[in-house]
Amino acid sequence: MDPYEPNQIEAKWQAHWDKNKTFKVETDSSKKKFYLLEMFPYPSGRIHMGHVRNYTIGDTLARFKRMKGFNVIHPLGWDAFGMPAENAAIKNNTHPAEWTFENIRTMREQIKALGLSYDWDREIATCHPGYYKWNQWLFLKFLEKGIAYRKNSTINWCEDCQTVLANEQVVDGCCWRCDNEVLQKQQEGWFFKITDYADRLLEGCKSLSGKWPEQVLTMQTNWIGKSFGAEVDFKVNGSDQVIKVFTTRPDTLYGAMFMVLAPEHPLTFQLSRETEQEAAVDAFVKKVKNQDTIARTSETGEKEGVFTGAYATNPLTGESIPVWTANFVLMDYGTGAIMSVPAHDQRDLDFARKYNLPVRIVIQPKDETLDADTMTQAFSADGAMVHSQNFDGLIGQEARKKVCEYLEKEGIGKATVNFRLRDWGVSRQRYWGTPIPVVHCDSCGIVPVNYDQLPVELPLDAQLGEKGQSPLHTLESFYKTDCPKCNAPARRDTDTLDTFICSSWYFDRYTSPRQEDSPFTAKDNGYWMPVDQYVGGIEHAILHLLYSRFFNLVLNDLGLTQAKEPFDHLLTQGMVIKDGAKMSKSKGNVVDPDEIIKSYGADTARIFILFAAPPVKDLEWSDQGVEGCSRFLKRVWRIFCEFADDVKTATPPDENFSTSVKELKELRRMTHVTIRRVTEDIEKRMQFNTAIAAIMEWVNHLYHFKEWKEKQKALSEPVKAVIREAMESLILSLSPFAPHIAQEMAAILNFSDALDQEKWPIYKEELTQTDEILIVVQVNGKVRQKVQVASGISDEDLKSLSLSDPRIQEWTQGKEIKKVIIVPKKLVNIVVK
RNA sequence: GCCGGUGUGGUGAAAUUGGUAUACACGCUAGUUUUAGGAACUAGUGCUUUCGGGCGUGGGGGUUCGAGUCCCUCCACCGGCACCA
């Protein structure tokens, strides 16, 4: 018997797969397709355990689906633009391109060493002109459709990264990448109108329910933040200006005692001119602008404001109310102005108390009386309207509807919806990204580059600035061009596109990865899309997954794609942790995948990662656990070698096979039960840990069977047939998890040289049955006896058998039997008193 | 504060439809084998016990013949959102 030598076996089969392009697939409408995708990696240098987990989960599913007869597309590529390349280039005095391609080479080798079943002919790198050309092409389409537009606005600026960030990329007021504080700046740039798609993105969330993790859908729903309410116009006294506010509580309109404008609101400046408040307002606005973002937007931040000197009229009461400006009102939500109803909104109440503004109760709670003079907690739940003239008595939804109808009739407002979602800012003042394909012309303005001039290539001879400033802004050979319209000298846009654009449609490109005249063909895309199963980390719950859904909708509208959603099913895997913390260099708890593969082999690494925890949960790394999985594969190998010679020429039992030998029946039962368990665990539950546990139990059983086998003088044909069936099934059911060892065993048995083309084993229901079953007998819900009975036993027989059991009688003696509950094939519960 | 998730042996975890709680693995204990160590194999391993049993899934309560699973309530931890009008 040869010892199990994973490194040798794995290198052999990996070379075989590579050479034969085993996992290459083609569009073929006669076959059922399955698109399995893992989130493509950023080529940061070396793979880490998070990658290993991600790809192992995906690969297991891909291999399983292939054996289930699907035409499985399983591609991999590189999210290759982005800042780390620039930082590393400055640090190591190299070029981002060189650094990136070197990393790709390293990581590709590491990934191949895991034995992942990728179609490498579809590999893409987003920094390749063949890819980013289509980013530019799509940008121009977006521009034509009015989805890409330019505006001057307050943007998030990261000083450290020297670039603008999208709202989604600001986490707790800090940069998502470098954790530095984000500043607010006025700057012009390109935006994508994702807000136009807010409703459709929201509807999509509903359709994905049950197929995506609820958590992700909730996060996206909250991020989009749709709220229903009303827009109401308040006339400014002594002026024809109108302050428009958004409120979700039009039923509290009679309680609006003052108004508050955002400091950035144009009326804040205008209304305070030539009043005694002018100087105070200017000072306040200046102060707020200098306040940092975190303090400004945190709930604990002190609410501060000043009176603008102006008054407006409450359109329903006709009263004059003061107009204030305050730091807690944000310019980019709603209209940048609010009506304040202190009795029914906590912020307004806090503010009113601080500045001695009046409070009026206009909503009456059911079983509570409110006192406007002393209340410290605003009543913000629904209740009956009071002090509201004709509306008195109306409650909640109904009340809001009636008020809106009235506002509309009077022409002073209307029911409306408002979103929290902002448009996506896509300009980046960086070098290592997709050049934006437009030209700025003094006479023609913004002019798109002609399609036949694409790609606008990123110059590779650029010298990076010391502090990371993009060289494009000063590189004459790049920016100097002629206007495509009037031919006058003009300047290219020197910003690059947010790298999230690359990842928003890369899954579409995989369907036609080398297409030269379009981003992808309708035929390929129509066949392969949507992605049937997407696997990745939850950290992209909003960013990448929302952007991709948005892109897909725009591509739908452009007639380029058909799939309503890009990712039909999503699995978000948990983190890999060690000693209770996420693996990180700073914590010194990193386990290098290469070393694990070197000492145990890829199959062991794969089995451990799948066995230690279900995919959605965090996985605690354990060296002893790895050791255990290695032991398991050695056990598999040994028991296989034990039987291999006996069954090299045998064939599994046919339809007419039957045996009365107990051990053979039991082995067949184990075989078929295990196939059922493994199939259902993968297919229905995506729980690989229990699937592997089932195989382990089966292997343990094979060791018991071996003891029986060794006692036989010679092996009869039926014995060989049953063992052969077990060995073939073991190979097949193990192959998605540990493909190399499975393939090696298959070859030794002359069973198969290409397990990916073999059919997944099918269990026979009748073979999973036992002749005898174990019945639990309870008295008053407590287990008192266990009995072996024939599996066909009738309820009546089971009942009398249980009642006459001596041990049961000890518990029922002298007691009245109230009821006997029988759960077929499982349990009897005797209720006594 | 709001929303979501999690809580089961010494450890990672099972329990799929309300029906034997702790499968599988790690660790530990003992045995076989071995010059020894390691490896391998076998058996055992929730707590407690007067050996009948009793207790046990974060705490308390409820529904039920029967609850890890359903309901209420509280606690702890994790994640998301957080002045969003």
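We use all heavy atoms of the structure for the numbers below, so side chains are in, but hydrogens, waters and symmetry mates are not. Everything quoted here is computed from the prediction, not taken from an experiment. Here is the naming used below: chain letters follow the sequence lines, and residue numbers restart at 1 for every chain.
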Next item on the list: Go through B/C24, B/G54, B/A14 for me and flag the one nearest to the A/K782 side chain.
Entry: B/G54
Next item on the list: Tell me which nucleotide among B/G53, B/U16, B/U20 gets nearest to the side chain of A/W811.
Entry: B/G53
Notebook entry, point to check: Are OP1 or OP2 of B/C83 and a side-chain N or O of A/N327 less than 4.0 angstrom apart?
Noted result: no
Could you pull out the protein-nucleic contacts involving nucleotides 40-46 of chain B (nitrogen or oxygen on both sides, under 3.5 Å)?
unit_1, atom_1, unit_2, atom_2, d
B/A40, O3', A/R638, NH2, 2.9
B/C41, OP1, A/R635, NH1, 2.5
B/C41, OP1, A/R638, NH2, 3.1

All N/O pairs under 3.5 Å across the protein-nucleotides 7-12 of chain B interface:
unit_1, atom_1, unit_2, atom_2, d
B/G12, O2', A/A612, O, 2.8

Margin query: As a test of reading the structure: which of B/A14, B/A23, B/U20 is closest to the side chain of A/P614, going by heavy atoms?
Written below: B/A14
What protein N or O atoms touch nucleotides 65-67 of chain B N or O atoms at under 3.5 angstrom, if any, and at what distances?
unit_1, atom_1, unit_2, atom_2, d
B/C65, O2', A/N829, ND2, 3.4
B/C65, O2, A/N829, ND2, 2.5

Next item on the list: Any pair with a residue in residues 321-349 of chain A that passes salt bridge (Lys or Arg N to Asp or Glu O under 4.0 Å), sequence neighbours left out, goes on the list, sorted by first then second residue, please.
Entry: A/D345-A/R347
Notebook entry, point to check: Looking only at side chains, do A/Y4 and A/S630 share a donor and an acceptor under 3.5 Å apart?
Noted result: no
Checklist line | Summary of side-chain hydrogen bond (donor to acceptor under 3.5 Å, both in side chains) pairs that have at least one residue in residues 772-781 of chain A, sequence neighbours excluded | finding: none
Margin query: For a quick check of understanding: with a heavy-atom distance under 4.0 Å over all strands, which category does A/S622 fall into, base, sugar-phosphate or nothing?
Written below: nothing
Item checked: Contact under 4.0 Å: A/R249 side-chain N or O vs B/C84 OP1/OP2 -> no
Item checked: Same-atom distance (C1') from B/U22 to B/G27, integer angstrom -> 16 Å
Next item on the list: Mind checking side chain to side chain donor-acceptor pair (under 3.5 Å) for A/Q215 and listing every partner two or more places apart, or none if nothing turns up?
Entry: none
Notebook entry, point to check: Can a side chain N or O of A/R420 be found less than 4.0 Å away from OP1 or OP2 on B/A82?
Noted result: yes
Check: Considering every strand shown, what is the Watson-Crick or G-U wobble mate of B/A23 when both distances are under 3.5 Å?
Finding: none
